[in-house]
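Below is one structure, written out as structure tokens, with a few remarks after it.
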Amino acid sequence: MSLYQLSKLLFRLNRDPQAQAVFLSKPETLLADYNLTEEERQAFLSRDVGLLYILGVNGQILMHFAALCGIEWSDYLQRMRDAIKQYGPVRAGIYAMTTSPDEKVAG
Amino acid sequence: MSLVFAGITSHAPGITGRADRASEAQKNAFYAGLERLRAALEASRPDAVIILAAEHFANFFMNNMPAYAMGMGEEYDGPIEDPEWLRIPHRVVKGAPDLGRRLIANILQTVDVAYAEEWRFDHGVMVPLHFLDPNNRMTIIPANINCQGPPLTPLHRAWAFGKAIRRAADAAPERIALVGTGGISHWPATPDSGRINEAWDREFLDRWARNDKDAMLSYTDEETYRDAGQGGFEIRTFITTAAAAGGKGDVWYYEPIPIFAVGCTAAVMEIV
Ligand SMILES: [Fe+2]
């Protein structure tokens, strides 16, 4: 688990238009600076925002990554709910889910 | 001259970004509250406006996280989010390097605030500015309390920060306004987004409006997390504003708007 490194990669991506351009063409080149597990690498490269949520990425970072990936808001929320069913509860960070994955709160 | 205005407002990105998904009546009522706040802020004729936000990893990160930070840059820009996503156009905002430096120097007498000459505004500053300074005419001093990455500053220190802001503002010849931005109970950017504990919010706003220091400082972070979510940690900015203003608050608008993911708030506080 290297949640800090994973979060830092996404933090940089949210701030840096050059990194965003690289992400859209050759995303794997961004990984060189970060010490990630294979699961984290795959979650990032496959744009699996649901799994990134389960791995503990803070939503204040993740929602912008989702937007960069063209994932619409309600879809973003649904992917996190689906990931709870697929992967189980959030494993780290401060964002444990408090409602049921079958409950749509808003959006 | 002194602190001439104190108010609080919500800053959730859905307020603008998902504006078309709220009921028209609810949205208009909230926007009217913000417009009233804008008019009151303008009427106070501030030379500079401190926007005290709870930043969300736009500038500050866990590599070096200040509990408190304040800007003394020449200018700032925002939003850092995609303007299409936030539905707020990009702008360059005028800063107050000299005044900012003097305020920070005074605040440091009692609170170890970090300073920043660079700052990119995220929704925590941009959503309030979009409504309170629509024509981008004001001079802005951003300030931040870490409400995102624990360990967080204790509430009594947020109070001390407010007292320090007030002392520093009163020592400056300029007219200074303070706008605290944040949320009360909310679970933003998670699958729980839209959950709002209205009873908890109203209780907090009651304590805030009475400016009941002991009652505001009595929340533990464990209780806040349980009842108000991780977003509830942002009550710090409202508490700091209350400490700076010192008077009674007047809540002009409060209503939960789930698609905006927060109990939407616009309030002012008397300066005593
Ligand atoms: Fe926030």
Side-chain angles (χ1 to χ4, degrees), chain A residues 2-17 20 34 49-50 52-54 56-85 89-90 93-107, chain B residues 12-14 17-18 20-22 54-65 78-86 118 120 122-124 147-152 185-197 221 225-231 233-234 256-262:
Chain A
S2 31
L3 177 57
Y4 173 75
Q5 293 280 321
L6 179 62
S7 302
K8 194 171 177 186
L9 165 61
L10 297 175
F11 163 72
R12 177 182 158 206
L13 195 54
N14 289 343
R15 290 177 47 85
D16 180 355
Q20 290 166 9
Y34 304 91
V49 295
L52 291 168
Y53 167 68
I54 300 300
V57 174
N58 188 308
Q60 296 292 347
I61 296 173
L62 189 58
M63 69 173 165
H64 302 304
F65 179 66
L68 178 66
C69 296
I71 299 167
E72 185 275 327
W73 181 252
S74 294
D75 187 20
Y76 163 62
L77 299 181
Q78 190 57 47
R79 286 178 192 225
M80 291 189 285
R81 289 186 204 107
D82 291 345
I84 293 274
K85 290 185 179 177
V90 173
I94 60 166
Y95 266 32
M97 190 170 179
T98 60
T99 53
S100 148
D102 293 318
E103 185 183 348
K104 266 193 190 176
V105 187
Chain B
R18 297 188 292 281
D20 56 340
R21 294 181 62 182
E55 208 241 31
H56 319 82
F57 310 116
N59 300 276
F60 309 113
F61 190 65
M62 278 73 78
N63 58 344
N64 187 5
M65 179 63 79
I80 194 166
E81 294 93 347
D82 179 355
E84 301 282 317
W85 182 84
L86 193 58
E118 283 183 44
R120 295 173 66 194
D122 74 8
H123 60 270
C147 300
Q148 289 294 333
L152 305 178
S185 70
H186 61 315
W187 287 254
T190 74
D192 307 320
S193 173
R195 190 179 162 199
I196 294 161
N197 185 342
D221 278 350
Y225 183 79
R226 182 193 66 210
D227 300 329
Q230 78 280 355
F233 295 145
E234 292 184 343
I257 304 183
I259 193 64
F260 292 173
V262 74

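Order of the sequence lines sets the chain letters (A, B, ...), proteins ahead of strands, with each chain counted from 1.
Here B:Phe57 is the residue among B:Phe57, B:Phe260, B:Tyr225 with the most heavy-atom pairs under 4.5 Å with chain A.
Under the 4.5 Å side-chain criterion, counting only non-hydrogen atoms from C-beta, B:Pro188 is in contact with B:Gln230. Looking only at side-chain heavy atoms (C-beta outward), A:Tyr34 and A:Ser2 stay at 4.5 Å or farther from each other. Side-chain contact between A:Ser7 and B:Phe61 is present, with heavy atoms from C-beta onward closer than 4.5 Å.
By the ring pair (Phe, Tyr, Trp, His ring centres under 6.0 Å) test, B:His186 pairs with no residue at all, sequence neighbours left out. For A:Glu72, the side chain to side chain donor-acceptor pair (under 3.5 Å) test picks out B:Arg21, with sequence neighbours left out.
With a 4.5 Å cut-off on non-hydrogen atoms, B:Asp122 does not touch chain A at all. Interface remark: B:Gln148 contributes backbone and side-chain atoms alike to the contact with chain A (heavy atom separation under 4.5 Å). Residue B:Asp82 does not touch chain A at all, counting heavy-atom pairs closer than 4.5 Å. Only the backbone of A:Asn14 comes within less than 4.5 Å of a heavy atom in chain B; its side chain stays farther off.
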